[in-house]
Amino acid sequence: MRTPRPAPNVVLLILALVGLTAWLGLESVSVAANRIVPGTGYRVVEVIGGGALLVTTLPWLALAGLAWRPSRTRFIVALVIVVLMLSALPAWLALSAAMLVEGGQARLGIAAGLWVVFFLLLLAMIELRTRLALSRLVGWALLLPPVAIVGLGVARWLSALALWQEYRSRSDQFLGALGEHLLLVGAAVGASLVLGVGLALAMRRWPGLQRVGFGVLNFLQTIPSIALFGLLLAPLAWLSAQVGWLAALGVSGIGWAPALLALVGYSLLPMVRNTFVALEAVDPGVIDAARGMGMSRSQVFRQVRLPLALPVILEGIRITTVQAIGLTAVAALIGAGGLGTFIFQGLGQAAMDLVLLGALPILVLALLVDALLGALTDILRPGVAE
Amino acid sequence: MIDLIHVTKRFGAATAVDDISLSVAQGELCVLVGTSGCGKSTTLRMINRLIEHSEGEIHIDGQQIRRFREQTLRRRMGYAIQSTGLFPHWTVARNIGLVPRLLKWPAARVQARVEELMALLGLSMEAFAGKYPHQLSGGQAQRVGVARALAADPDILLMDEPFGALDPITRESLQDELRTLQARLHKTIVFVTHDMDEALRLADRLVVMHQGRIVQQGRPLELLREPADGFVESLLGGEDRGLKEAALLPVSQRMLPLGPRLLARERIGQQASLREALSLMLWRHAERLTVVDDDDLPVGELSLRRLVGARSDG
Ligand SMILES: Nc1ncnc2c1ncn2[C@@H]1O[C@H](COP(=O)(O)OP(=O)(O)OP(=O)(O)O)[C@@H](O)[C@H]1O
Ligand SMILES: [Mg+2]
């Protein structure tokens, strides 16, 4: 009996072909004489010439071939190829730097083509991870080799990379900004967690509060962030002028105080909503049985309602944290510090690599938090821990 | 022993339970039936104070239930409901051990009790102890629910449509198990159901409720033979009452000793119901059946005349 041929994996096939096109056709890297002047773009062929170019097309073609007649083994091979290609990207940058960059001032930028290739390879990795039914954790582990290569190579071979130069010229500032960013996010999420859970509990206790509470929180959520920062400026400035110890604490119309207030304001809605819904949604039959068996009110809450609500509450914390990481970037506008500072400085100086120095870590932070809390939620989902 | 004395429950202006009096003796299985919304669950839940009664008195073993702390009272009573109410984040074993743990039994005793109950309800330890409720079938989950209700060996069991969500076959087998259990354990049970066959099979005392009142109570056969009014009559099966009654009577009650005649070809067990006997006669076109004991030895015979006309036939 002949087994029917498996249908091609269209997703992987398209990713491979588009990736190849981007690799061949788009500018991969750029070189600028200094940080202000716009760089000149180079396609791959202009860096290494036609013969070598042909060699670099091989892994793409291999991917497409594997996707054409897929099987589990072929998917594993494809995954290995993708991880190797991702790991090779830093090496490609180092090679380009060696070929193109001359002189101390000149710097290497990452151009559109390479970004596209990078994201397509990430997508291919996600697709393969899903097909092979690998866990989230394994997915993250697969990113380790490329990250390790960047870590090893960055100081020695990638010194010409514009992003690296921007970092090196302000590495103390960078660590400070990262710290401020994390501190603001942590404080905002922590405060809104305490307040939000308290508010959700109060709303369950006194249902009359629900309409007013959600009304106010929804309204807060609709104010654009810049406007909210602006709105807080006057009252806080006034307060710190009136109350001596507040001023001593560093509270003023600009800086961390209004930023924290606004962040908490935005964080409350997702926090309260998820906590409230999670606690309300617990199966009434389970609660009825718990009370009928003779559990006290606090036992019902601590042993039944809360644990069953926890995954949804964590979901709220996840949404809130990811949102706060992004919003904190905007808070740099009112002098709250954080990674947003680089973004706005870079925008002001038209230095895109400086913008990236702020934006990339924010993206990575958000992804990390998303993945970690997502995994935690999965673990805590009732009855699946085995 | 449970006594309800002129008990009334009002929700705002609406009266859910209206001046009912009911006495359930030690070891008795009392079934509440009635149309939806007539106050069965409310009555049941007043007994363990999940709902506080508005008027009247409820006594357990002669003591007012309001004398007890709510938790103490509830831990003395088993409680099983249609949705099982098993905790989804706890394993089967942990669910069953809930009340013993609330009562602060030592861990070893809880463990031993859980094993005992799982054996009693036909749930093997290896297969089920570590499972979570969502991994069980409806029938298995319901068994776990009953095991949990029995865990601290309460004198009283309150069961609100415990088998309501099951298919007829699983439901019947659980009913049989409950009867077997009851024969051994002699609990005082209040059982709510919508299913009249279930009520008639299980009840020592059958209580018919209508619009918050008790219309009639007594032994199932009494209610079948002398319904108080048209409502009870139609609730208990209307046209089908004869068959329902036959289902409650065993063949052994109507059979005659073996006579000089040849044995009839069709056989029926002496524990089978008259209803099953009638069905067999209809199916096989037979007017006589040979009645056999558990070892399949003939012990008597049953004629159609005898089956249907026993009261006049000699
Ligand atoms: N907490 C409550 N608040 C207000 N009314 C209630 C409450 N609980 C029950 N009722 C009302 O009391 C009446 C009796 O309800 P109950 O639940 O006892 O009915 P039931 O006989 O168990 O019905 P079913 O067979 O459908 O379960 C119904 O009219 C119901 O609407
Ligand atoms: Mg009910």
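- Shown here for Gly292(A) and Tyr79(B), the closest heavy-atom pair between the two residues is CA-CD2, 3.7 Å.
- Note: Trp90(B) CH2 to Leu308(A) CG = 10.0 Å, rounded to the nearest 0.5 Å.
- Interatomic distance, Gln303(A) CD to Leu98(B) CG, rounded to the nearest 0.5 Å: 7.5 Å.
- Both the backbone and the side chain of Asp288(A) have a heavy atom closer than 4.5 Å to some heavy atom of chain B.
- Heavy-atom neighbours of Phe11(B) CZ from other residues, nucleotides or ligands within 6.0 Å: above the threshold of 12.
- Using a 4.5 Å cut-off between heavy atoms, Ile81(B) contacts chain A through its side chain alone, with no backbone atom that close.
- Considering all non-hydrogen atoms of both residues, Ser83(B) and Gly285(A) come closest at OG-CA, 3.8 Å.
- In this structure, no portion of Leu158(B) lies under 4.5 Å from any heavy atom of chain A.
- No other option in Asn48(B), Leu102(B), Leu103(B) has as many heavy-atom pairs under 4.5 Å with chain A as Leu102(B).
- For Arg45(B), the part sitting under 4.5 Å from any heavy atom of chain A is the side chain, from C-beta outward, and nothing else.
- Rounding to the nearest 0.5 Å gives a distance of 15.0 Å between CE of Met295(A) and CD of Glu70(B).
- To the nearest 0.5 angstrom, Arg74(B) atom CZ is 10.5 Å from Ser296(A) atom OG.
- Note that CD of Gln71(B) and CE of Met293(A) are 14.0 Å apart. Values are rounded to the nearest 0.5 Å.
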